[in-house]
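All values reported here derive from a predicted model rather than from experimental measurement. By convention in this document, chain letters (A, B, ...) are assigned in the order of the sequence lines, proteins followed by strands, and residues within each chain are numbered from 1. Below, all heavy atoms of this structure are taken into account, side chains as well, without hydrogens, waters or symmetry copies.
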2 protein chains.
Amino acid sequence: MDLEIGLLGCGTVGAGVVSLVRRRAGKVADMTGSRPVVKTILVRNLDKNRGVTFEHERLTTRPDDILRDEDIQIVIETIGGIEPAKTYILEALRNGKHVVTANKDLIAVHGPEILRVAEENHVSVLFEAAVGGAIPLVGPLKENLTANEVTDLKGIINGTTNFILSEMTSRHIDFEEALAMAQELGYAESDPSSDVDGLDAARKLVILSSIAFQTEVHLTDIRIEGIRHVRAKDVRYADELGYVIKLLAVGRDHGGELTLAVRPTLIPKVHPLAHVSDAYNALYVRGDAAGDLMFFGRGAGSMPTASAVVGDVISLVRNLKLGYVASSPNGTLTAKPVVDREDDRYKYYFRLVVHDQPGVFASIAQLFGSAHASMETVLQKRVDGGCAEIVIVTHELSTTTARHLVDELQHLSHLQAVECVMPVEPVTE
Amino acid sequence: MDLEIGLLGCGTVGAGVVSLVRRRAGKVADMTGSRPVVKTILVRNLDKNRGVTFEHERLTTRPDDILRDEDIQIVIETIGGIEPAKTYILEALRNGKHVVTANKDLIAVHGPEILRVAEENHVSVLFEAAVGGAIPLVGPLKENLTANEVTDLKGIINGTTNFILSEMTSRHIDFEEALAMAQELGYAESDPSSDVDGLDAARKLVILSSIAFQTEVHLTDIRIEGIRHVRAKDVRYADELGYVIKLLAVGRDHGGELTLAVRPTLIPKVHPLAHVSDAYNALYVRGDAAGDLMFFGRGAGSMPTASAVVGDVISLVRNLKLGYVASSPNGTLTAKPVVDREDDRYKYYFRLVVHDQPGVFASIAQLFGSAHASMETVLQKRVDGGCAEIVIVTHELSTTTARHLVDELQHLSHLQAVECVMPVEPVTE
């Protein structure tokens, strides 16, 4: 028996979905007795070449050909962005269709509303593909790790910035040059701000931390810092000191209070996250029973994303076969305040530019000393024009102390600029 | 409403399960309306101290107090080994109870029979904890990655050998000394052969490859080589050449023909598997759509294993709540011959001991040349007593050529011994 699917959007991911559904239809039919078939595809332009040859699939420009087709049981959304994706998804759910989506923007912002409408209509919304591309993250967090209280999430979950930082590291080039390369290769958009300013990673952190911490997290809860101010020299100094720089998304549950941040971070080279290069993504999870876990894989791309979308479709087909329609119950969400914890302690990397004059280092050392911020390593480098660069890695400081130091440094005579301040991730035991 | 559980065995893992079920009972009750409660625990000795205080749980020495208790819906088996675990599990299934087990020995050898009996009785058998401890592996392979044809599995799935090899690497000690340390710390048994000779890893590979390749794999299908012959000097030479040595379990599906092996392997330091140290486990998976994925975490221990067991229990409770009893359908298994593929190509590491005489290296080089085995790197080291050690890393060779070389080398005059031959894992793209 055919199980009919409607596909909204047919870009890179949509075309991957069409070919992967075809490739696996026989296997799914064998497993479940139902053969998944993409019946109708909503596109804006019927004539565009999409790198996939359509067979029985029918292209349309009218959403209702999918949303009101009573034979369609599953709607896959790969349009992206908020509208019209949201309207289509809500209508599909209200018409009793299950929805699979790869849309992180939408789930990050309107996830709770969409899940509520799904529940009211006794249908499922699955979104494994919205975070981490091919890597199973939503599934393990919602299913396999439910025996844990998750206390920490640490993720490299934006491929574009990871590619840029990897290129800066391996080719010793500056941010702008690496960005231009990423744009040329299609890894970065012509307007790269959503990636390089950290917003994309923050959206994914909203989704992951909502699930892991069983609460409702909002984008505005997250402290976001991008990678534009990271220079080739920061990458080089970090390397000298035994670290690599990654844009890290961090969520922590301190017994009911959350801290959430996306920011460039120094990762010790012995840490498993240090070896997540190029367009790979990884998520580190700490559970109270499981201990430390890491999930690693391709975070984007046509087939990796289609792998997650079609994985969700196959779960749905199996569940429909077993006569089980609703989403898995997840229990009550606990409201957890998102706080800016002053006692969150990290080592910090500071790069300062100073006028190269006698006594300048002493005054910096004194300032750190009076803030009780002890230094672990100091590098001093000469720069042009009578300036010197001082790189300091501190021992662990509270967030408050780190911020206080930045303020105080700004007032120091002979200091030209505090050019870069980044936290340092501890080595895992 | 209480959902009653019977626990068979209360060793390290069982005690972890008792305390974790208690810790999460409220959360599960909130999610599903059913509160999981360990009602009865089968032990051999009622008086032994188990590091957990029993509250309402009742200890018994009679299996029937669990297997024939009609109120018990879920049986957790943590006895380990084949019998009596197998008899108890089959009886539990026939009495309509769902079973969760951490027993890799049993699932590796009798998995197909146990799954068949479960299916006949419309109940589930879940065994996430049998492989990789806390790491979700069975779940992702059975659920999230079903849209893929999995072509490769590469796993560090035995914690004892990984601990021993990690100690040999960091402390520059020999196998025997590292084994003694592992025994002292409780990471290795007094009879360590199941771990150090590779059998434990092979059992886990049977389970993983049966699921990933959707076929029935038997323990006898796997070429197994342990780590007893790996010397501190091999670890050191590997390090000089940019590699670490790991006991690697490898399964590959070449379009319907499988190769399966467990053996010490050189892993390039840039490979994510190189950084899996101590008692951590990791599994690398390649799918045709997802590309390369890695799952990493604690492979053993009381709470990590309990995390997986109780995760399975919570899945069952959820499914029971949704009125869905059978195991997920997995479709027909395809019979796939396990072959010893002659064209499987790897680089190889050879360590040879030779009498240090003129011409000996030339005759070795000639032998490699006439086998069309070109050398990538050669190290020559002096040893005591007129002997020299030659370490060769070849370019890629077929398995046949590698074996042929070992045979030919044995016949060479001046060669004292071929002391160690190991494949070299390629760098992933």
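Ile135(A) and Leu293(B) make their closest contact through CA-CD2, 3.8 Å (heavy atoms, listed as atom of the first residue, atom of the second, distance). Residues Asp288(B) and Arg24(A) come closest through the heavy atom pair OD2-NH2, 2.6 Å. Summarising the geometry of Glu128(A) relative to Asn144(B), their closest heavy-atom pair is OE1-ND2, 3.5 Å, with the distance given to 0.1 Å.
For the set Gly287(A), Ser315(A), Pro304(A), the entry with the most heavy-atom pairs within less than 4.5 Å of chain B is Pro304(A). Heavy-atom pairs under 4.5 Å with chain A peak, among Ala147(B), Gly297(B), Gly311(B), at Ala147(B). Most heavy-atom pairs under 4.5 Å with chain A, from the set Ala308(B), Pro140(B), Ala290(B), Ala134(B): that is Ala290(B). Taking Leu145(A), Asn148(A), Val310(A) one by one and counting their heavy-atom pairs under 4.5 Å with chain B, the maximum is reached by Asn148(A).
Put simply, the side chain of Met294(A) does not reach to within 4.5 Å of the side chain of Val276(B), judged on heavy atoms. For the pair His275(B)/His271(A), no side-chain contact is recorded, criterion being any heavy-atom separation below 4.5 Å from C-beta on.
Contact annotation for Leu20(A): only side-chain heavy atoms (C-beta onward) come within less than 4.5 Å of a heavy atom of chain B.
In this structure a side-chain-to-backbone donor-acceptor pair under 3.5 Å is missing from Lys27(A) to Glu149(B).
Electrostatic pairing of Arg318(A) and Glu143(B) counts as a salt bridge here, judged by a charged N lying under 4.0 Å from a carboxylate O.
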